[in-house]
Amino acid sequence: MIAMNYMASFALIALGIYCIVSKRNLFKICIGSALVDYGVNLLIVSVGFNPGGTAPIFTITELNRASFFVDPIPQALTLTSIVIGACTTAMTLSLIMKIKEQYGTLDSGEIRRLRG
């Protein structure tokens, strides 16, 4: 199960990097960067997973040496990363809309030629 998460995260990262490097459409480049973000989030959550672990919510009477909890730090980092990724994607899409209004195209090669 956990190996499947690692394979899926590396596949998402690889697909996102492929989209960023090989595509010329700005919208597809934005989608590629979002795929990389999703893959990294899945990887961080998978690293913090402990099979058989419980939620790290406890009282002082429940805590003993046999307690086995899931690490909450990767979950907190992933939650922060999701918020930052959503804001970055929204900003990128708004810039793409302005570029489309200004230049009339989403092709990055054409925009470079029109820079003048």
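Values below: every heavy atom of this structure, side chains too, minus hydrogens, waters and symmetry copies. These figures come from a predicted structure and were not determined experimentally.
- Taking the side chain as every heavy atom from C-beta outward, Val36 and Leu12 never approach each other to under 4.5 Å.
- Within the 4.5 Å cutoff, the side chain of Ile29 has no heavy atoms near those of the Ile96 side chain.
- Transitive grouping of hydrophobic side chains (ILVMFWY, heavy atoms separated by less than 4.5 Å) brings Ile20 and Val40 into a common cluster.
- Note that CD1 of Ile99 is 8.0 Å distant from CG of Leu106, once rounded to the nearest 0.5 Å.
- Thr89 places a side-chain N or O within donor-acceptor distance of the main-chain N or O of Gly85, the cut-off being under 3.5 Å.
- Taken to the nearest 0.5 Å, the CG atom of Asp107 stands 12.5 Å off from the NZ atom of Lys23.
- A side-chain donor-acceptor contact under 3.5 Å links Ser108 to the backbone of Arg24.
- Residues Val45 and Tyr6 do not share a hydrophobic cluster, clusters being chains of Ile/Leu/Val/Met/Phe/Trp/Tyr side chains in contact below 4.5 Å.
- With hydrophobic clusters built from ILVMFWY side chains whose heavy atoms lie under 4.5 angstrom apart, Ile31 does not share a cluster with Ile84.
- Distance CG/Leu15 to CD1/Ile13: 11.0 Å, rounded to 0.5 Å.
- Between Ile2 and Asn5, some side-chain heavy-atom pair lies under the 4.5 Å cut-off.
- Between the OH atom of Tyr38 and the CD1 atom of Ile82 there is a distance of 9.0 Å, given to the nearest 0.5 Å.
- Here the shortest heavy-atom pairing between Ala8 and Leu42 reads CB-CD2, 3.9 Å.
- A pairwise comparison of heavy atoms in Gly39 and Ser9 identifies O-CB, 3.3 Å as the closest pair.
- For the atom pair CG of Asn25 and OG1 of Thr105, the computed distance is 8.0 Å after rounding to the nearest 0.5 Å.
- Taking CZ from Phe27 and NZ from Lys100, the interatomic distance works out to 12.5 Å, rounded to the nearest 0.5 Å.
- Checking Thr78 against Asn41 by side-chain atom types alone, no donor-acceptor pair falls below 3.5 Å.
- When all heavy atoms of Gly32 and Cys19 are compared, the pair lying nearest together is CA-CB, 3.7 Å.
- Between Leu93 and Cys30 the shortest side-chain heavy-atom distance falls below 4.5 Å.
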